[in-house]
J.: 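What follows is a single structure, and I will ask about it in a moment.
A, B, ... follow the sequence lines: proteins, then strands. Residue 1 opens every chain.
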Amino acid sequence: MSDSNIFRNLNEQQVAACKIVEGPLLILAGAGSGKTRTITYRIAYLISHGISPENILAVTFTNKAAEEMKERIYKIVGPVANKITMGTFHSTCSRILRKHAELIGYTKNFVIYDEKDTLNVIRKIIKEMDLPLESFAPKKIRRIISKYKREFIKPEMVAGGYNPNTLKIATVYSRYVKFLFRNNAMDFDDLIGKTVELMRKCPEIKEYYNEKFQFILVDEYQDTNRMQFELIKLLGDKYKNVCVVGDDDQSIYSFRGADIENILSFDKIFANTKIIKLEENYRSTKNILEAASNVIKNNVERKGKTLYTDWKEGEKIELIDGYSSMEEANLVMERIKSLVAKGTKAGDVAILYRINALSRVFEVAAQKYRIPYVVVGGTRFFERAEVKDILAYLKTIVNPRDNVSLMRVINTPPRGIGKKSMELLELEAAMKGVSLLKMLANLENIDMPSRAKEAFRNFYGIYGDIKKESEGKGVKEIMEIVLNKTAYIDKMYNTTSPEDMSKMENIDELLNSAEEFDSLTETPTLEEYLNQISLFTDIDAWKGKSDRINMMTVHGAKGLEFDTVFIVGAVDGLFPHINNIDSDSKIEEERRLFYVAMTRAKERLYISYSHVRDFRGSIMPSIVSRFVKEIPEKLMKEEKKLHVRTLNEFPTENVSNELAIHPVFGKIRILKIVGKGDGKRAYIALENGEKKWVLVKYAKLKFLEE
DNA sequence: ACTATGGATCTTTTT
DNA sequence: GATCCATAGT
């Protein structure tokens, strides 16, 4: 294949980016500038110029993106595409670590703890240390620990500083690290951090991977963190053939440690970096692109670039405003109905929101209007209790040292093992320095009530049976063995309650996923299954275009595009989110997020908001997002010019009277007031007889603000 | 030991 | 509104 033939679909800059084979390369690719196409062709170009696909590493943001890219390269170069190493940072690192786990004191079958697992560990440690939960909120501590890890700060390196709690947190951190190690477990940060550690510690391993991955490509580079950059530096140390692709305007993961500095300083770390800008947008109409550009230009912290398009002007942006979020959702659905009637395919429509909680009201509306929909993300499938239960059984089989999983299943379904007995077992295990499972094998030597002992023996018997019967079986079969031996479904759920029915459906879905794994994987081991699903996201599972409208968060929509996009809940406090309005840099990230949302749209963009919104079971007034006001009015549909209601359009009577006016419900009667402080609630009766609970704090706030 | 109930707290986004 | 947790009752 000649070069001109390969590149007939690319513009000048894109071709240039493909042809720079050697040395560090930074591609600044604006939204919709054909970034994926460019890197796909670049890899194809490398291969057609004699570079062995085994020597190429491509790191993407999601597993799905990796799969898609592989498919696209396959179409150009054929089956050799399968020899390229492609995956997310986490999956790539996990693969490397499984090969060399012993070198850092782990075994190959280490487990990966998810958010909830790690939170349980931290909660346990905090309790053991007798620390007050108010100042040591587990979630907060985990955030801090994660940050330390990302910055390679070991527990012993944490400096006391002015905060007396810092040293205590360092102790929690230290215990946490040891706990995971003893359990042969890693968290998400460890996957990257330990790989870096491995490379630093073992020069021969580093040398091996430097030779193996002579050509490295990193997609969505703007969302990498320091630790990931460190890894890239190590991997690309010998040949410096590192190509990174990113857009500073689309950096939306700073909460996960993404550091825009990685883009800004790339050419300082890698000498002689070539830089290419892709500024022609092939996705959106002129109107949409201009609107998005006008929003993002309000950011100060950006490299600055101008996107342009040859596309048609297209339709104007339409605003939709409802009084309540329910009305907003209904209006959106009405709009979708009429679009579909005019020929738009439901699968080409996306509803994007800032937070998952918003999906609910739109789901209800979609049902009401009989519009088929799919919600991507939200409560993740593999984190549901019933799914985690089954998986925990599998984890204890693979990794007998995993105490977190063992504790989850030891009394699930209930078999008479209570808190007291558990404490006794843990104490014995800790004293002897062995895992809980080892302790179960040596029950005879422990002094405990015979009833408890019998219950433990019972569990250990079941565990042994499962383990024995599982040998050589496929994952689905093993799951069925677990379900049978434990009588899990019969004991936990009944067929009359709708909640239990949905749980059983989830278990069915889990069995299906295992079956799919068994049939699609060359060597379907339990280890590999657990590894895959622990790094799996709902976006990965999303099958893409179907005949249903798509609902997801803006974060989830990153990298995707749709003919028609509805940005919903465009209200100050939600988008930008209330937690991020107190500093300029946080607002700028929210604005980038809004920009990402806008630039997902190809043909039609709708933005909806409401004048009142639900908040924690209560209701408060809301005003349209400041970002919407940054869109020039000339780009909006005439009849729907921005109607901004201010807070003082709402009645502001004092709620503490026995007969009071509520800003939303109008005339109300207060029936009773309960709770104190922030949690203080009033039970009110509306004029139509309906009764509701509201948070007094917000009722009050509304009055104070005006 | 297990289950039902009420209270406190909270969600931002995710590999 | 939902979920997680502690407590009281069985």
J.: It should be established whether A:N411 places a side-chain nitrogen or oxygen under 4.0 Å from OP1 or OP2 of nucleotide B:dC2.
T.: yes

J.: Base, sugar-phosphate, or nothing for A:N356, non-hydrogen atoms under 4.0 angstrom?
T.: sugar-phosphate

J.: If you assign A:K420 and A:R142 each to the DNA chain B nucleotide with the nearest heavy atom, which residue ends up on the more 5' nucleotide?
T.: A:K420

J.: Tell me whether the OP1 or OP2 atom of B:dT12 has a side-chain N or O from A:H577 closer than 4.0 Å.
T.: yes

J.: Please indicate whether A:R98 has more than 12 foreign heavy atoms, meaning atoms of other residues, nucleotides or ligands, lying under 6.0 Å from its CZ.
T.: yes

J.: With stacking defined as ring centroids separated by under 5.5 Å and planes differing by under 30°, is A:F255 stacked against B:dT13?
T.: yes

J.: OP1 or OP2 of C:dC5 less than 4.0 angstrom from a side-chain nitrogen or oxygen of A:R123, does that happen here?
T.: yes

J.: Should A:S421 be listed as having a side-chain N or O under 4.0 Å from OP1 or OP2 of B:dA1?
T.: yes

J.: Would you indicate, yes or no, if B:dT14 has its OP1 or OP2 atom less than 4.0 angstrom from a side-chain nitrogen or oxygen of A:T553?
T.: yes

J.: A:R592 has an atom CZ; how far is it from atom P of B:dT13, in whole Å?
T.: 18 Å

J.: Under 4.0 Å, counting only non-hydrogen atoms across every strand here, what does A:I417 touch: a base, just sugar-phosphate, or nothing?
T.: sugar-phosphate

J.: I'd like to know whether CZ of A:R95 has more than 12 heavy-atom contacts from other residues, nucleotides or ligands below 6.0 angstrom.
T.: yes

J.: Using a heavy-atom cut-off of 4.0 Å across all strands, would you classify A:K139 as base, sugar-phosphate, or nothing?
T.: sugar-phosphate

J.: Measure CZ/A:F594 against C1'/B:dT12 and give the value in whole Å, please.
T.: 16 Å

J.: Using whole Å, report how far CZ of A:R226 lies from C1' of B:dT15.
T.: 19 Å

J.: Return no unless some side-chain N or O of A:K419 is found under 4.0 Å from OP1 or OP2 of B:dC2.
T.: no

J.: Mind calculating the distance between CD (A:E589) and C1' (B:dT13) to the nearest angstrom?
T.: 9 Å

J.: Considering the options A:T553, A:V554, A:I607, A:N550, which one meets the side-chain contact (heavy atoms from CB on, under 4.5 Å) requirement together with A:L352?
T.: A:V554

J.: Take A:T88 and A:I578, find for each the nucleotide of DNA chain B with the closest heavy atom, and name the residue whose nucleotide sits nearer the 5' end.
T.: A:I578

J.: Could you tell me whether A:R415 contacts a base, only the sugar-phosphate backbone, or nothing, with contacts defined as non-hydrogen atoms closer than 4.0 Å?
T.: sugar-phosphate

J.: Does A:K233 make a cation-pi contact with A:F229, if we ask for NZ or CZ under 6.0 Å from the ring centre and within 45° of the axis?
T.: yes

J.: With a 4.0 Å cut-off on heavy atoms, is A:Y253 in touch with a base, just the backbone sugar-phosphate, or nothing at all?
T.: sugar-phosphate

J.: Just checking, any donor-acceptor pair under 3.5 angstrom between side chains of A:Q228 and A:E230?
T.: no

J.: Please give the distance between the C1' atoms of B:dT11 and C:dA6 as a whole number of Å.
T.: 23 Å

J.: Rounded to whole Å, how long is the line connecting atom CD1 of A:I112 with atom P of B:dT15?
T.: 13 Å

J.: For A:L358 and C:dG1, give me the distance from atom CG to atom C1', rounded to whole Å.
T.: 14 Å

